[in-house]
Amino acid sequence: MIKFKADLKENIHKKIGEKYPIDQSELDIDTTPSIKMGDLALAFPFQLAKKLKRNPREIAQEILSLLSPLEGIEKAEVAGAGFINLYLKKPEFFLQRLRQVGRSDLVPEEKKIIIEHTNINPNKTAHIGHLRNACLGDTLGRCLIHKGEKVEIQNYIDDTGVQVVDVVFGFMDLEKKSLEDLTRFEGKFDYYCWDLYARVSTYFEKHPEAQKRRSEILKKIEEGQAPEIQMADHISRRIIRAHLNTMKRLDISYDLLPCESSILALKFWDRAFTLLKEKKAIEFMDDGVNKGCWVMKLEEEADREKVIVRSDQTVTYVGKDIAYQLWKFGLLDKDFYYEPFIEDGDKIIWITTSKPHNDTPEFGKGTLVYNVIDTRQSYLQQVVVQGLKSLQFFKQAEKSIHFSYEMVALSPNSLKELDVIVSKEDQDKDFLEVSGRKGLGVKADDLLDRLEKKALYEVNKRNPDLSQDQKVDIAHQIAIGALRYFMLKYARNSLIIFDFEDALSFEGETGPYLQYTCVRINSIFRKLEEREDLRVEDILAHLPEKEKFISALSENELSDFWEIVLFASQLDEEILHTIRSLETSHLAKFAFNLSQKFNAYYHKYSILAEKDPEIKKIRILTIFYIKEILKQALSLMGIPLPERM
RNA sequence: GCGCCCGUAGCUCAGCUGGAUAGAGCGACUGACUACGAAUCAGUAGGUCGGCAGUUCGAAUCUGUCCGGGCGUACCA
């Protein structure tokens, strides 16, 4: 009802703007604490009271007489210490909402928005922490698309970094394997690398002399020398495919995979380096701890230096990230080349390359960029933004948004279940950070498998008559619902201490609860059609006149009806709130609360068995409206909707 | 040390661009299924919103300070 409120504001301002010193933007419209007190609340008399040094209630009283009549408003009254509460014209409002179903009031504001998320190092399997990142990023993308924005999803691939180097080292030096051996490897390659990476990390701790070989591999990969480059390439491409498969299970996809290897090959950094030097954004250190390095300082913390170019003239990750960020905004006057990497349904996921290809789409050139990266990297993200500012790209600096979130850690119970050996120093902690280096974490595919297995068991109990394929399909949808809701319901600054029992729950505030609610509603409509050959479309096509509409309801039922309709009508507000605050918890809680309200309504009022045709019709329209809103909310969260469950 | 974040019911968490009685889920206890699907619902118990001070007509929400915890502060990412 965003547009309704906006119109209302404008209307109110027209009526009082000349007499009272208040701006239209100050006329916030809130909800009342209880529906008994009205539907919408205006609190601006308090602001006026301050300006005019008068009693707020008196002012509210005065204004009230100026307001009526207001479009769409049945009645207005002064409440509390100086609120003005508005009562909507219920039949008109509901009819309007029904006509509006499926359409959003939100309007796009950007030319193009780029979201960077997932960003898993291509040297091991995806784990629970990566799932949080991907779910947050994907949901933000869905919300922005709903808002009408043009959105491009990028998943950055650090295919030339030390993490890949370590696995190359593991295969070549520890296991003495050739590229041919790797191509013959069968089984879950990303799982194998997970273990290998942990082994290599331990090896380096015990054998510091191996560092030399490690640097050598890194250099050879950066310079494209055989056979290390072929090994690295094979490993990273194969693992990217594994990651994409894992994410596909969750219905998460991407438009582009920008690779660090392309950034190096196409000399993005050289260009950025020149720019940074020209504008004196970075400084060469002749002396001190960072002697021989190019460093950058933050405006706010001048005593801190971040090394961008090392004394051996190699560039750090942040340096490459600055170049990448410049490219995202179209500020680098250099571009990638692209080739198709994989087909995902009816779309293609593209990857960057260093060689030209024909007929490739255009990427980048965003006007707003979200980087979904955990909070531990906020300092690095500040450095990237500082880079833009130093180059005088102030607008782009402002539009570089670090979507930061807390990590996922493991509870002592989860650790027990994982059967991992915990070091002495870690044993007393309340939780343990997920660590690829230590091989400590819940693998994404394992978790999904467990969820699916449990869901299948539950589906079997309830729907033994369905075919095995159907059951598996439903179980899969339930698993996604459970996992995605779990990842979205927390505030982003809240540390998730992962516990299997919580994550595997299908009851209470969970994704399956939401799915179950929708399934029930759908089931009613299915039965209406089967038993009575009744379709909502027919009712919608012959909506009654507003004068007669709803009048059949008793006072109590009208109040229950109204509460749920009014609540459901705020979906767009919640989406906007979610986008502005980057808190998916708002959307999640909204969907959950709406489901709760429906379930309560459902227990109180029967639909199929209702004798009075007028009342029945209104109830059908009511649950139809709830269903449509709920469906939208679930779809924005990427939670699928099974037909049965 | 400095920077960022967190501290709300027994447990896990929403609510934070200030608004009218602080909300959920789980757990505990009472109840409701020959069904519009109990993956549900109704109800009971449970909170000086970490402490103190300030700003305000109004503070869980803003400011300061203290206490407790996490993360960052690399020529790793």
Side-chain angles (χ1 to χ4, degrees), chain A residues 28 30 32-34 37 41 43 46 49-50 55-57 79-83 85 119 121 158 161-163 285 289-295 298 300-301 303-304 306-318 321 373-380 382 404 406-407 409 429-431 433 437 455 458-459 461-463 478 482 489-497 499 501-502 505-510 512-517 519-521 523-528 531 577 580-581 583 585-586 588-589 592-593 595-596 599-600 602-610 619 623 644-645:
Chain A
D28 283 333
D30 303 316
T32 56
S34 156
M37 304 165 76
F46 291 101
K50 190 179 283 177
N55 182 318
R57 209 182 150 89
F83 293 96
N85 290 349
N119 299 6
N121 273 308
D158 185 4
V162 284
Q163 294 219 20
M285 305 308 283
V289 277
N290 292 326
K291 188 178 173 185
C293 301
W294 289 86
V295 303
L298 289 185
E300 306 86 57
E301 300 171 74
D303 49 335
R304 233 159 122 184
K306 176 66 202 167
V307 171
I308 305 295
V309 179
R310 304 182 186 103
S311 52
D312 67 357
Q313 301 316 303
T314 55
V315 57
T316 59
Y317 176 85
V318 203
D321 213 16
I373 305 174
D374 78 69
T375 183
R376 288 172 296 185
Q377 293 195 43
S378 46
Y379 173 55
L380 281 317
Q382 277 181 52
S404 76
E406 259 295 350
M407 59 177 175
K429 295 187 178 166
D430 296 333
F431 61 85
E433 191 180 333
R437 214 168 288 273
E458 299 292 333
V459 173
K461 266 203 310 210
R462 283 160 246 246
N463 299 287
I478 292 170
K489 73 173 174 179
Y490 298 98
R492 61 197 168 96
N493 273 328
S494 160
L495 175 76
I496 298 181
I497 299 176
D499 193 85
E501 204 182 312
D502 295 341
S505 169
F506 296 161
E507 284 165 23
E509 199 200 328
T510 65
Y513 174 92
L514 304 184
Q515 292 171 314
Y516 180 66
T517 305
V519 166
R520 274 172 140 184
I521 303 179
S523 165
I524 297 172
F525 284 109
R526 195 172 51 240
K527 287 190 172 141
L528 275 172
R531 294 180 193 173
H577 195 192
R580 296 216 165 123
S581 60
E583 291 292 1
S585 59
H586 291 140
K589 300 283 169 185
F592 175 65
N593 288 333
S595 296
Q596 276 188 318
N599 282 315
Y602 168 93
H603 269 260
K604 208 162 166 186
Y605 302 103
S606 60
I607 287 114
L608 293 176
E610 177 54 42
R619 289 184 188 166
I623 67 164
R644 288 157 208 268
M645 64 188 278

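Only a predicted model underlies this, so the values are computations on that prediction, with no experimental measurement involved. Below, chains carry the letters A, B, ... as their sequence lines are ordered, and counting in each starts from 1.
Of the candidate nucleotides B:C75, B:A42, B:U21, B:A42 has the atom nearest to the side chain of A:Ala600. Closest approach to the A:Thr316 side chain among B:C41, B:A77, B:C36 is made by B:A77 (side chain taken as heavy atoms from C-beta onward). Set against B:C36, B:C75, B:G72, the side chain of A:Tyr379 has B:G72 as its closest nucleotide. Closest to the side chain of A:Arg462, from the set B:A77, B:A39, B:G15, is B:A39. Which of B:A39, B:C71, B:G37 sits closest to the side chain of A:Phe506 comes down to B:A39. Listed nucleotides: B:A20, B:G70, B:A14. Nearest to the side chain of A:Ser494: B:A14. For A:Thr32, the listed nucleotide lying nearest its side chain is B:A20; candidates were B:A77, B:A20, B:C36. Distances from the side chain of A:Asn493 to the nucleotides B:C5, B:G15, B:A77 place B:C5 closest. With B:C36, B:U21, B:U40 as the candidates, the nucleotide lying closest to the side chain of A:Ser606 is B:C36. In the set B:A39, B:G70, B:A14, B:A39 carries the atom at the smallest distance from any side-chain atom of A:Glu458.
Applying the 3.5 Å distance criterion, the base of B:A74 shares no donor-acceptor pair with the side chain of A:Asn290. The base of B:C5 lies outside donor-acceptor range of the side chain of A:Thr375, with no N or O pair under 3.5 Å. Interface remark: the A:Arg376 side chain does not form any donor-acceptor pair with the B:A77 base, using a distance-only criterion of under 3.5 Å.
Comparing B:C41 with B:U48, their P atoms sit 28 Å apart, to the nearest whole Å. If you take atom C1' in B:C67 and the same atom in B:C52, they sit 11 Å apart, rounded to whole Å. If you take atom P in B:U8 and the same atom in B:U44, they sit 25 Å apart, rounded to whole Å.
Among the heavy atoms of the strands lying under 4.0 Å from A:Ser34 is at least one base atom, whether or not backbone atoms are also near. Using a 4.0 Å heavy-atom distance criterion, A:Pro33 is classed as a base contact. Residue contacts for A:Lys461: at a heavy-atom cut-off of 4.0 Å it reaches no nucleic acid atom on any strand shown.
Shortest non-hydrogen contact noted between A:Arg462 and A:Met645 is CB-O, 4.3 Å.
Projected onto RNA chain B by closest heavy-atom contact, A:Asp430 and A:Tyr513 fall at different nucleotides, the more 5' of which corresponds to A:Tyr513. Comparing A:Tyr605 and A:Lys429 along RNA chain B, the residue whose closest nucleotide (by nearest heavy atom) sits nearer the 5' end is A:Tyr605.
Classified by interplanar angle (parallel below 30°, tilted 30° to 60°, perpendicular above 60°), the ring pair A:His577/A:His586 is parallel.
Proximity of A:Lys489 to A:Thr510: side-chain heavy atoms (C-beta onward) are nowhere separated by under 4.5 Å.
In this pair, A:Phe592 does not lay its aromatic ring on the base of B:A24; centres under 5.5 Å and planes under 30 degrees do not both hold.
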